[in-house]
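In what follows, a single structure is set out as C-alpha cells and then discussed.
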Amino acid sequence: MAAPVQTMATTPQALEPAAVVVTSVFQPGKLAVEVISVDHDARPTPPIPILITAPKDAGTYPVAILLHGFFLQNRYYEQLLKHVASFGFIMVAPQFHTSLISNSDADDIAAAAKVTDWLPEGLPSVLPTGVEADLSKLALAGHSRGGHTAFSLALGYANTSLKFSALIGLDPVAGTGRNSQLPPAILTYEPSSFDIAVPVLVIGTGLGDERENALFPPCAPEDVNHTEFYRECRAPCYHLVTKDYGHLDMLDDDAPKLVTCLCKEGNSCKDVMRRTVAGIMVAFFKAVMGEEDGDLKAILEHPGLAPTTLDPVEYRLA
C-alpha cells in the first residue's frame with residue numbers, strides 16, 4: 001500500500017494519527033434505510049425526479065446531494081446511497097434529463113440549484129416519520145460529469161438559497177480534453193485556483209484515464225479528471241485514488257452493460273469499490289459535518305484499512 005502524501009507543509013498538530021487504527025465505515029452502518037422516490041406527485045413538487053435514501057430511525061441528520069454522471073440514472077447509485085445513509089445521512093439524488101448530446105452543463109447546474117432550493121419545504125413532506133433534515137449541514141457531491149456540475153454549482157454558476165458545508169468529486173470529469181472542456185470551463189490549470197471555501201474531497205480511479213478499447217476514448221481523460229480537480233482545490237482538500245478500479249465501477253451491479261462497457265473496468269468485485277467509495281465519503285462527512293474525524297484520520301494515515309488499494313492518498317490542510 002502506498003503511504004499517504006502530504007503535499008503542503010502543515011504543523012505537526014494539524015493532522016495527528018488516529019489514536020486507534022480501526023474504522024467501520026467500509027461496512028454498512030447500523031441504521032435501517034428507506035428508499036424514497038419523489039416525482040411530480042409530491043407536494044411541493046420537485047423540479048426534477050429525486051431518489052432519496054434516509055435513515056428510518058427518528059432523528060435529525062445532515063443532508064448530501066449526489067449528482068449522477070453523464071447519461072446515467074440516479075438509481076444506479078442505490079447501493080452507494082444506502083451505505084452512506086446507514087451512517088446517519090439523508091442522501092438526495094436528482095435525476096437529470098439524459099441525452100447523448102452534451103454541449104453544455106448549464107441546464108444541469110440550474111436544475112441542481114432548483115433541487116437545492118426545494119429541500120427546505122420538500123424534504124419534510126417525504127421523509128419518514130420522526131426523521132428531520134439538518135440543512136445547516138449540507139454537502140454536495142457529483143460523479144463524472146456530475147462532478148463538474150457539483151463543482152460548477154459550488155463555484156457560483158447558479159445561485160442557491162442554502163449554503164454548502166462540503167464538496168465531493170467522485171472521479172469528476174470536465175470534458176474530453178484540456179482544449180475541449182464542457183462549458184462552463186471551470187478548470188484554469190492553476191494550482192489552488194478554485195474559489196471554494198468549504199472542505200473538498202476528490203476520489204479518483206486508477207483506470208479512468210485508460211481506454212476500454214480502440215473504439216472509445218477514456219471515460220476520465222487526463223487533464224480534465226480527478227488529478228486536475230484536486231490540484232485546483234484550496235485547502236483543506238483530500239485526494240484518494242482507487243488504483244485498481246474504473247470510472248463506473250461504483251455503480252450497482254445491475255447497471256446496464258450497454259453503459260458500463262464504455263469504460264475501463266477493474267477485474268475485482270464491484271462491491272469492494274462501492275464500499276471503498278462509500279466508506280471514504282462517510283469518513284469525510286463525519287469529519288466535516290459531524291465533527292468526528294477519527295475515521296478520516298485513520299484512512300489517511302493507514303490507507304491499507306480500505307478494502308482495496310488507495311494510491312495516491314494526499315491532502316492539503318493549510
Side-chain angles (χ1 to χ4, degrees), residues 47-51 64-77 80-81 92-116 139-158 164 167-188 194 196 200-205 207-212 216-230 232-233 245-252 255-256 258-265 277 281:
I48 53 177
I50 300 172
L51 184 70
I65 301 171
L66 175 64
L67 309 180
H68 65 77
F70 175 64
F71 207 65
L72 298 177
Q73 299 286 320
N74 54 9
R75 59 186 176 84
Y76 300 164
Y77 300 82
L80 183 73
L81 295 167
V92 177
Q95 178 59 58
F96 297 127
H97 300 296
T98 56
S99 172
L100 285 174
I101 301 174
S102 179
N103 295 323
S104 171
D105 204 14
D107 289 346
D108 288 355
I109 296 168
K114 291 178 181 178
V115 168
T116 303
L140 179 62
H143 171 231
S144 188
R145 171 173 160 168
H148 176 269
T149 309
F151 271 78
S152 298
L153 185 56
L155 287 166
Y157 282 88
F164 298 109
L167 176 63
I168 295 181
L170 301 179
D171 218 23
V173 179
T176 57
R178 180 166 182 157
N179 297 320
S180 53
Q181 286 194 58
L182 179 70
I186 62 174
L187 296 179
T188 66
F194 283 150
I196 297 173
V200 182
L201 167 68
V202 179
I203 301 177
T205 62
L207 305 181
D209 59 0
E210 296 185 14
R211 292 174 177 266
E212 172 62 18
F216 299 106
C219 287
E222 292 183 6
D223 296 329
V224 289
N225 66 11
H226 60 94
T227 301
E228 185 59 31
F229 272 84
Y230 172 69
E232 299 191 24
C233 288
Y245 283 92
H247 186 63
L248 299 182
D249 287 344
M250 68 188 72
L251 302 182
D252 289 358
L258 182 63
V259 173
T260 59
C261 72
L262 301 179
C263 300
K264 182 74 173 180
E265 295 182 292
V277 172
M281 291 176 68

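Index from 1, following the sequence. All values below come from the heavy atoms of this structure, side chains included, with hydrogens, waters and symmetry mates left out.
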Name the orientation class of the two ring planes belonging to F229 and F194 (parallel below 30°, tilted from 30 to 60°, perpendicular beyond 60°). tilted

Least distance between heavy atoms, P218 atom then G208 atom: CB-O, 3.8 Å

Side chains of L51 and Y77 in contact at under 4.5 Å (non-hydrogen atoms): no

To the closest 0.5 Å, what do you measure between CZ (F96) and CD (Q73)? 12.0 Å

Would you confirm whether S144, through its side chain, and G146, through its main-chain N or O, come within 3.5 Å as a donor-acceptor pair? no

Within the side chain of N225, is there an N or O that forms a donor-acceptor pair under 3.5 Å with the backbone of A220? yes

Full working for side chain to side chain contact (heavy atoms under 4.5 Å, CB included) between V259 and L72: CA-CA 8 Å; V259 173; L72 298 177; 3.2 Å; yes

Passes side chain to side chain donor-acceptor pair (under 3.5 Å), D108 versus T149? Steps please. CA-CA 7 Å; D108 288 355; T149 309; 4.7 Å; no

Which heavy atom in C263 sits nearest to a heavy atom in H247, and how many Å separate them? SG-CD2, 4.1 Å

Report yes if the side chains of P217 and T176 come closer than 4.5 Å at any heavy-atom pair, otherwise no. no

With E228, which residues qualify under side-chain hydrogen bond (donor to acceptor under 3.5 Å, both in side chains), at least two apart? R231

Answer yes or no: is there a side-chain heavy-atom contact under 4.5 Å between L66 and L170? yes

So T227 and V202, do their side chains get closer than 4.5 Å, heavy atoms only? no

L67 side, atom CG; N74 side, atom CG - distance, nearest 0.5 Å: 10.5 Å

With rounding to the nearest 0.5 Å, note down the distance linking CD in E212 to CG in L262. 8.5 Å

Hey, what do you get for CG (D171) to CG (L248), rounding to the nearest 0.5 Å? 8.5 Å

Residue pair L187 / Q181, side-chain heavy-atom distance below 4.5 Å: yes

Specify the closest pair of heavy atoms between I50 and I48, including all atoms of both residues, with the distance to one decimal. CG1-O, 3.4 Å

What do the steps show when you test T260 against Y76 for side chain to side chain contact (heavy atoms under 4.5 Å, CB included), and what is the final call? CA-CA 11 Å; T260 59; Y76 300 164; over 6 Å; no

Report the residues that fulfil salt bridge (charged side-chain N to carboxylate O under 4.0 Å, His left out) with E265, sequence neighbours left out, ordered by chain and then residue number. K257

Rounded at 0.5 Å granularity, tell me how far NE2 in H143 sits from CG in L251. 6.0 Å

Work out which heavy atom in R178 is nearest to a heavy atom in D223; give both atom names and the distance. CB-CB, 4.0 Å

Distance in Å, T98 OG1 paired with F70 CZ, rounded so as to fall on 0.5 Å steps: 9.0 Å

Considering non-hydrogen atoms only, spot the tightest contact between A158 and I109 and give its length. CB-CG2, 3.8 Å

If I compare all heavy atoms of A93 with all of L81, which pair ends up nearest, and what's the gap? CB-CD1, 3.9 Å

For D105, give me all partners under salt bridge (charged side-chain N to carboxylate O under 4.0 Å, His left out), at least two apart in sequence or on another chain. R145

Under the rule for ring pair (Phe, Tyr, Trp, His ring centres under 6.0 Å), what residues qualify as partners of Y245, not counting sequence neighbours? none

Keeping the roles fixed (side chain from R211, backbone from K264), state whether a donor-acceptor pair exists under 3.5 Å. no

L155 and I196, any side-chain heavy atoms less than 4.5 Å apart: yes

My understanding is that only residues two or more places apart in sequence, or in another chain, count here; which of them pass salt bridge (charged side-chain N to carboxylate O under 4.0 Å, His left out) with E232? none

Residues forming a side-chain hydrogen bond (donor to acceptor under 3.5 Å, both in side chains) with Q95, sequence neighbours excluded: H68

Answer yes or no: is there a side-chain heavy-atom contact under 4.5 Å between I203 and M281? yes

Mind running side chain to side chain contact (heavy atoms under 4.5 Å, CB included) on F151 and L167 for me, showing each step along the way? CA-CA 8 Å; F151 271 78; L167 176 63; 3.7 Å; yes

Side chains of V200 and I168, heavy atoms from C-beta outward: is any pair under 4.5 Å? no

